[in-house]
Engineer: 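Supplied in structure tokens, the structure appears directly below.
Remember, it's 1-based here, ligands and their atoms both numbered in the order they're listed. What's counted below: heavy atoms across the whole structure, side chains too, no hydrogens, waters or symmetry copies.
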Amino acid sequence: MTVTTRVPVLANSDADIVTAKTIAERWGLPSEARDDDAFQLWLNDGVLALHWLQSPQKMSPLVVDFHQGKAAYRAQNTQLKNEAIAKAVGVTGQFKPSVVDGTAGLGRDAFVLAGLGCNVQLIERHPVVAALLDNGLHRAQLEADDIGEACQRMHLIGTDNLYTGKGFTHEPDVVYLDPMYPKTGKQKAQVKKDMQMFQQLVGSDDDADALLEPALAHAKFRVVVKRPNSAPFLAEREPNSQIKSKKHRFDVYIKRGFNESAN
Ligand SMILES: C[S@@+](CC[C@H](N)C(=O)[O-])C[C@H]1O[C@@H](n2cnc3c(N)ncnc32)[C@H](O)[C@@H]1O
């Protein structure tokens with residue numbers, strides 16, 4: 001992936017200037033607006049929001065807020081037995097595998113797993129996405145409620161760590177992958193507005209096949225790959241099993257069973 005879109009971090013008020021600069025420096029983003037910016041990040045009262053200035057239709061800014069909308073609803077209504085992702089990752093009432101989410105995006109899947117009790121290390125290579133996720137996580141972690149507690153189990157550890165393992169606090173039980181896959185016809189029409197903005201910014205992850213080997217090297221027990229139902233296997237490698245949901249399937253690559261020891 002080459003990040004070609006220039007996205008500056010800007011402050012809405014004097015009170016946000018210092019933090020906006022810190023965010024820009026941390027993620028290697030510019031701090032000055034330009035007339036031809038397609039996207040801008042704005043910090044308003046500590047909340048970071050992505051604005052798509054050249055969007056074809058009116059769109060609300062994109063914010064990572066685990067206390068709002070579908071994420072919060074899902075966190076409060078998640079039932080272990082109904083979550084295909086939980087089945088694929090191997091979460092049970094007694095066992096909460098530790099997970100590395102190697103393609104964290106806006107942290108939605110990781111949040112479901114953290115809500116079910118898993119400790120999740122997150123890796124996100126796109127600096128704008130990582131900045132939004134980091135901001136959303138920090139704000140959520142300050143809240144003394146179930147959502148804040150779940151977010152405390154989520155740790156954004158960097159941008160390319162799956163290849164190096166650098167920054168891992170421990171080798172995970174499971175590596176979870178959900179790379180971008182080019183959307184076609186009907187799928188494209190179904191994409192929600194915030195996801196359209198996300199896709200416009202990030203594009204497709206054409207190098208995703210390369211993630212499977214390092215994922216298998218790091219996972220103690222299994223690798224789970226989320227794919228649209230119509231997509232081919234990652235790296236053309238057939239999984240050991242599949243869990244299907246309405247729009248997606250989870251391809252499961254087993255290294256060994258959860259109750260088998262390393263030797
Ligand atoms: C489809 S999104 C993931 C959505 C996420 N599962 C969620 O629930 O919000 C894919 C993300 O993976 C990131 N990504 C792709 N390849 C990566 C890599 N090699 N290392 C880190 N992040 C990667 C992309 O930048 C993108 O943000």
Engineer: Applying a strict 4.0 Å limit to heavy atoms, is Phe198 in contact with ligand 1?
Structural biologist: yes
Engineer: Is Arg108 in polar range of ligand 1, meaning some N or O pair under 3.5 Å apart?
Structural biologist: yes
Engineer: Would you say Thr159 touches ligand 1, if touching means a heavy atom closer than 4.0 Å?
Structural biologist: yes
Engineer: Regarding atom 13 (C) of ligand 1: of the candidates His126, Gln199, Met180, Glu124, which has the closest heavy atom?
Structural biologist: Glu124
Engineer: So do the side chains of Val7 and Leu201 get within less than 4.5 Å of each other, counting heavy atoms only?
Structural biologist: yes
Engineer: With no hydrogens and no angle check, is any side-chain donor or acceptor of Asp173 less than 3.5 Å from a backbone partner on Phe221?
Structural biologist: no
Engineer: So between Leu211, Asp178, Leu106, whose heavy atom ends up nearest atom 19 (N) of ligand 1?
Structural biologist: Leu211
Engineer: Regarding ligand 1, does Asp207 bring an N or O atom to under 3.5 Å of one of the ligand's N or O atoms?
Structural biologist: no
Engineer: May I ask you to check if ligand 1 and Arg125 share an N or O to N or O distance below 3.5 Å?
Structural biologist: yes
Engineer: Between Asp145 (side chain) and Gly148 (backbone), is there a donor-acceptor pair under 3.5 Å?
Structural biologist: yes
Engineer: State if Ala104 counts as touching ligand 1 under the rule of any non-hydrogen atom under 4.0 Å.
Structural biologist: yes
Engineer: Run the numbers on Phe258 and Thr92 for side-chain contact (heavy atoms from CB on, under 4.5 Å), then give the verdict.
Structural biologist: CA-CA 11 Å; Phe258 285 125; Thr92 66; over 6 Å; no
Engineer: Determine whether any heavy atom of Tyr163 lies closer than 4.0 Å to an atom of ligand 1.
Structural biologist: yes
Engineer: Is the His218 to Phe168 ring centre distance short of 6.0 Å?
Structural biologist: yes
Engineer: Is it the side chain, the backbone, both or neither of Thr103 that has a heavy atom closer than 4.0 Å to ligand 1?
Structural biologist: both
Engineer: Could you tell me whether the side chain of Glu124 and the main chain of Gly105 form a donor-acceptor pair under 3.5 Å?
Structural biologist: yes
Engineer: Does Asp160 come within less than 4.0 Å of ligand 1, judged by its heavy atoms?
Structural biologist: no
Engineer: Quick one: are Asn12 and Leu43 in side-chain contact, heavy atoms under 4.5 Å?
Structural biologist: no
Engineer: Could you label the plane-to-plane angle of the His51 and Trp42 rings as parallel, tilted or perpendicular, counting under 30° as parallel and over 60° as perpendicular?
Structural biologist: perpendicular
